[in-house]
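Just so you know, these numbers come straight off a predicted model, no measurement behind them. Read the numbers this way: they start at 1 and go in the same order the structure lists the ligands and their atoms.
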Amino acid sequence: MKAQLANCIAQNIKGLSPDEIISLLEVPPKPELGDYAFPCFCLAKVMRKAPNLIAADLKSAMEGQLDFIEEIQIQGAYCNFFIKKELFVKSMIESACTENFGGSSIGAGQSICIDYSSPNVAKNFHVGHLRTTIIGNSLYKIFTKLGYQVHRINHLGDWGTQFGKLIVAYKTWGSKEAVEERGIAELMDLYVKFHEEAENDASLIDQARGWFVKMEQGDEEALAIWQWFKDLSMVEYHRVYKLLGVEFDSYNGESFYRDKTQAVVDRIQKANLLKQSEGAYIVDLSEYNMAPCIIQKTDGGSIYATRDLAAIFYRKETYQFVKCLYVTGQEQKLHFAQVFKVVELLGNDWAAEQLVHIPYGLVSLEGAKLSTRSGNIIYAEDILLEAISKVKEIIEEKNPTLSDKDAVAQMVGVGAIIFNDLYNQRIKDVSFKWEKILNFEGETGPYVQYTYARCSSLLRAVPDFNESAPIDYAVLTDLTAMELLKAINKFPKVVQDAADKYEPFLISRFAIEVAQAFNRFYNNNRINVPEVSIRNARLKLTAITRRILRDALDLLGIQCPEQM
Ligand code: ARG
């Protein structure tokens, strides 16, 4: 309809193409202003006429030309078009019922790498890693919906000098039993102990360096201890991934690139970019107002940046990505800017456009008291488990006879945290207040899930309702139904915008808008009424809403309980 309207306007106004008109057409903020509005002030200069006169002429020219237009009104410089309600409802319902509604095939045949989560082995999975995991997973879902083939890469921090330190600490003060029993918490304590002791005993640093060199040379004992630490860390990370419902296609972390960094160094040298400075090999980036990118240390040990360079070349060759996204905290901004610049300087023009750092803000735990396992360190797993147990308490209080309480508590508890994390632009800091996150009536995950469960229960109440049967569109021409349909029909644009801006919060805002619009519709209209044609039309809209809420929450990585 929008396209037909644009064509018709184009025929009546010289100088603008239908496409230009489509981009000018607005959806008015209030229904009293019609369904589409065309602003005429941009034509005033070219046509040398007052915009309100242009609008008036357009109105009289178009009168009666389109059979789906009920009325055209002039409001200042705007031509407001009112579409015949029934036809508008029909067209909105038809579009919302198309297959893969909200998605597209714009990414078909193209691949995208997303590097996210990527915790540091032997360290706890903290709230910052929770954010990259949640944002990365949502971006994976969004790009998949647009037809891209997405490779989910967990670039584990499983290599580097810190493992030398850990091996020394373990061999000096650790015990197998304690590590086996306490896992990462024990390794964290050993690591802290190492730094405390190293203040007075510099030889520890040398020993640690020695062990890391051994690791790089493939020493069996060193690698066995490292592998053990890595395995036990993975067990803990997998518990978090399971709670979140997150999976990866590759766990090739930093250690995977240890035999691929020399080739990078050679390449940089061949390109005449390698310089020696203060005992390290670097690429000078002063021309680009950046600190130098350190490539190799004096002792030949490889470093984080070099492994990232190796990873980029490996991924380009393996996946032929059109984009490689990195979801990490803002503090790594410079690191990625340097690495991307080096790739570009090596003659890869695609780097600037295809390598994208996606930073996010900090998490603050306002008033969220958490038990800590080790010092003041907060484990993501503990936050998730606490959310689940709090929801369980709420269910016990409000709906004790609910079946599958544990599964529902998990979906809602985890969903609440994910939703809160994705409710604002990612660069904004996230604050954490249980009362706010778990408020079933606020702008929260539980509120959307609750609305979904309400739709499900309405549909369950009429088991013989057939969604594909024709309906009477006139039933859905009341204001609340039309507003709900308009909200729903924003989905495709919202998904595309979320992908363009790498911003899942656009999806969470959309989910809230649809849920609120549904609840207004529901409060205004009894759904399960005796008149079949009314009931069926309202149930149809309920079924569509239910599906859209489920799809939107799925794009955020949140599941929906059928009852709550
Ligand atoms: N392990 C790093 C950290 O926890 C994040 C790694 C991000 N990915 C990368 N390719 N550098 O801070």
Are [X] and [Y] close enough that their ring centers fall under 6.0 Å?
X      : Y      : value
Tyr140 : Tyr116 : no
His151 : Tyr319 : yes
Tyr314 : Tyr257 : yes

Side-chain donor/acceptor of Lys436 to backbone N/O of Phe432, under 3.5 Å: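 No, the answer is negative, given that no donor and acceptor are paired below the 3.5 Å cut-off.
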
Minimum-distance protein heavy atom relative to [atom]:
atom                   : answer
atom 4 (O) of ligand 1 : His129 NE2, 2.8 Å
atom 1 (N) of ligand 1 : Asn120 OD1, 2.7 Å
atom 6 (C) of ligand 1 : Tyr304 OH, 3.3 Å
atom 8 (N) of ligand 1 : Asp115 OD1, 3.0 Å

Residue portion contacting ligand 1 (non-hydrogen atoms closer than 4.0 Å) for Phe336: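 It is the side chain that gets close, since no backbone atom is under 4.0 Å.
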
Ligand 1 contact by Gln332, heavy-atom criterion under 4.0 angstrom: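 Heavy atoms of Gln332 do come under 4.0 Å of ligand 1.
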
Tyr116 heavy atom under 4.0 Å from ligand 1: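 Flag not set, Tyr116 not near ligand 1.
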
Fit a plane to each ring of [X] and [Y], take the angle between them on a 0 to 90° scale, and name the class: parallel (under 30°), tilted (30 to 60°) or perpendicular (over 60°).
X      : Y      : value
Phe194 : Trp173 : perpendicular
Phe340 : Tyr326 : tilted
His238 : Tyr241 : perpendicular

Check: Tyr326 N/O within less than 3.5 Å of ligand 1 N/O: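 Among all N and O atoms of Tyr326, none is under 3.5 Å from an N or O of ligand 1.
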
N/O separation below 3.5 Å, Arg315 to ligand 1: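 No.
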
For Thr328, the ligand 1 atoms whose distance to one of its heavy atoms is below 4.0 Å: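 So the atoms of ligand 1 that pass are 7 (C).
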
